[in-house]
Q: 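Please find one structure pasted underneath; my questions will follow.
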Amino acid sequence: MDRHPALRLLLPAAHDPAQGADGPAGARPLDARLVPAAAVAWAWAAVALVLPVGVLAAVALAAVAAAAGCAVRRRAGGAALAAVLVAGVAVSVGAGQVERSSGLLQPLAAQQATAAVDGVATSDAVRVRADPVRSWASASPRWVVRLDARSVSGRGSTSAAHAEVLVVGGAGWDAVRRGDRVHAVGRLQPTDRADPAAAVLLAVRAPLARPATGLLAAAGQRLRAGLVDVCAPLPADARGLLPGLVVGDTTAVPEDLSAAMRSTGLTHLTSVSGGNTALVAGGALVLLTAVGVRRRVRFVLAGLALLAYAALAGGEPSVLRAAAMGLVVLLGSLLARGGGGLPALCLAVVVLVVADPWLARQAGFALSVLATGALLLLAPAWAAALARPLLRGRVPGRRPAPVRDALVTATAATVAVPLAAQVVCAPVVLLLAPGVPLLAVPANALAGPAVAPATLLGLLAALLEPLGPVGSAVAELAARGGGLAAQWVAQVARAGAASPVAVLAWPQGPGPAAALAVVSAAVLTAVEQLARAAVRARGRAGGTSARRRA
């Protein structure tokens, strides 16, 4: 017996325990063959970041020899793949370290010298919260900008630079936007090898910034500025939140709203991530399908839409990471009509870690991978389990109710998706901020339905605003509709943060995070065992009733 039509429509990957261990007939088993490769690449990259270049070169040579030996012996399986990945990561880390250490940037940082750095901003200015541990995160207004350094001058010398510099500045730095060409002066500070930034610059004066000159960067800046302009008449919460939902621009989000979103686990909504790319790709696929575009062409055009969206969002590392994962998932969906989610995720991890090994120690990357894995592996089964008892089509003797069952399934998915993401991501989030947001699941369930209309309407407003008076008028209407949805998200955050049980006090650190993971796993295991026991009890009761009727 196949799954209920509502489950099959909204949750095509959901596993139905009633079908047995192998799931429904024709369903592909879970393909986990690339999981070891992704784990090896990720773990090795995290270790390789702190190793000297000489050690990395030796490891790369040994790994290449091992891979060649496997090929000669015609055993080019998992061991050969692991050796190739080890060599690739070692070469990537070594090349990055050589590039970062070339020129004057790191020597000047080691001397904590005053220097001038020229480069291109790869992020908008972000307000720094007060932090007693960091001397530069003081109570006075401070902003952080990530800069792709091109040249550095200090102590009478100038050289080229090819590394990221984290700039911390005061007055004037709040106006810096992604793509701006920036001249910064300040005192350099060193970082460790595992830090994605090669140095920190404590700016002593306002920046000299010029708008982006490249075609794509300038177009992205223009569209983002247009979105901010059409959002200007909206209420304060919507005015700040809508650009954040669309392109990750949180510069106008009120401080108290930011705090409320942190307390309710909604901060991820204003970070361009897999959710945004999924909406863009999904919207493109739906539109292209509606106009009758062929399947292969649909996926190619959806990929181009993802690249265009990455340019619009400014090309930050998190944006590029999300776009890369989205492209790999699209490729997996194109090549395999089912069961390709996990291999696509593993392939994305491998490609990204080899291309940028510094991701291996970044919390944002871990959260992105864990959340995507939870949505692939846990959310469909949990949503199916939640919906199954309420689906009328499963009750013998009752007439199916397709609309009601579809609503039940959608509601179950609305609960299961944030629950799965929260469970697997909570230990990592605990490393970033103390406490466990108890209302994260209901808050995300309530805010979730508003995210898609806010994002898509805001994106439409950004694209239409430059198109003359008519386009601007339609963009304003779209922004108002998106603003209403964004306002709902803000209200959910504020209402949740006002609750006395919004955050569960939990110590911060690796040990407490591991303890939280163990507790979560134990609770989930207990719930699963209880659910299975209930299913077996219902099965025995049904068998007894059938024998009595016979």
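Numbers for residues simply follow the sequence, beginning at 1.
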Q: Give, for atom CZ of Arg177 and atom CZ of Arg224, the distance between the pair rounded to the nearest 0.5 Å.
A: 9.0 Å
Q: Taking atom types as modelled, find out whether His268 and Asn444 have a side-chain donor-acceptor pair closer than 3.5 angstrom.
A: yes
Q: Would you say the side chain of Val428 lies within less than 4.5 Å of the side chain of Leu370, judging by non-hydrogen atoms?
A: yes
Q: To the closest 0.5 Å, what do you measure between CZ (Arg187) and CG (Leu202)?
A: 8.5 Å
Q: State whether the side chain of Trp44 and the backbone N or O of Val86 hold a donor-acceptor pair below 3.5 Å, judged by distance alone.
A: yes
Q: Is the shortest distance from a Lys or Arg side-chain nitrogen in Arg150 or Asp148 to a carboxylate oxygen in the other one below 4.0 Å?
A: yes
Q: How many angstroms lie between CG in Leu188 and CG in Leu104, if you round to the nearest 0.5 Å?
A: 10.5 Å
Q: Do you know which of Val436, Leu367, Leu516 makes side-chain contact (heavy atoms from CB on, under 4.5 Å) with Val429?
A: Leu367
Q: Do Cys231 and Pro243 have side chains that approach each other closer than 4.5 Å (heavy atoms only, starting at C-beta)?
A: yes
Q: Using a 4.5 Å cut-off on heavy atoms from C-beta on, say whether the side chain of Val167 contacts that of Val144.
A: no
Q: To the nearest 0.5 angstrom, please state how far the CG atom of Leu227 sits from the CG atom of Leu460.
A: 11.0 Å
Q: Show every donor-acceptor pair shorter than 3.5 Å between a side-chain atom in residues 46-64 and any protein atom, with sequence neighbours excluded, or say none if there are none.
A:
none

Q: Distance check, rounded to the nearest 0.5 Å: Ser92 atom OG versus Asp356 atom CG?
A: 7.0 Å
Q: Quick one: side-chain hydrogen bond (donor to acceptor under 3.5 Å, both in side chains) partners of Thr251, sequence neighbours excluded?
A: Asp249
Q: What heavy-atom pair brings Ala163 and Leu105 nearest, and what distance separates the two atoms?
A: CB-CD2, 4.0 Å
Q: Any salt bridge (charged side-chain N to carboxylate O under 4.0 Å, His left out) involving residues 205-222? Give me the pairs, sequence neighbours left out, ordered by first then second residue.
A: Arg222-Glu465
Q: Do the side chains of Gln189 and Gln112 get nearer than 4.5 Å, heavy atoms only?
A: yes
Q: Does any non-hydrogen side-chain atom of Asp237 lie less than 4.5 Å from one of Pro254?
A: yes
Q: Identify the heavy atoms of Trp173 and Ala184 that sit nearest to each other, and give their distance.
A: CH2-CB, 3.5 Å
Q: With Arg155, which residues qualify under side-chain hydrogen bond (donor to acceptor under 3.5 Å, both in side chains), at least two apart?
A: Gln111
Q: Rounded to the nearest 0.5 Å, what separates atom CD in Glu164 from atom OG in Ser123?
A: 8.0 Å
Q: Side chains of Val182 and Asp118, heavy atoms from C-beta outward: is any pair under 4.5 Å?
A: no
Q: Quick one, Arg127 and Asp174 - any side-chain contact, counting heavy atoms below 4.5 Å?
A: no
Q: Taking side-chain hydrogen bond (donor to acceptor under 3.5 Å, both in side chains) as the definition, give me every residue that meets it alongside Ser101, ordered by chain and number, with sequence neighbours left out.
A: none
Q: Heavy atoms, side chains only, cut-off 4.5 Å: are Phe365 and Val353 in contact?
A: yes
Q: Could I get the full list of side-chain hydrogen bond (donor to acceptor under 3.5 Å, both in side chains) partners for Arg193, not counting sequence neighbours?
A: none
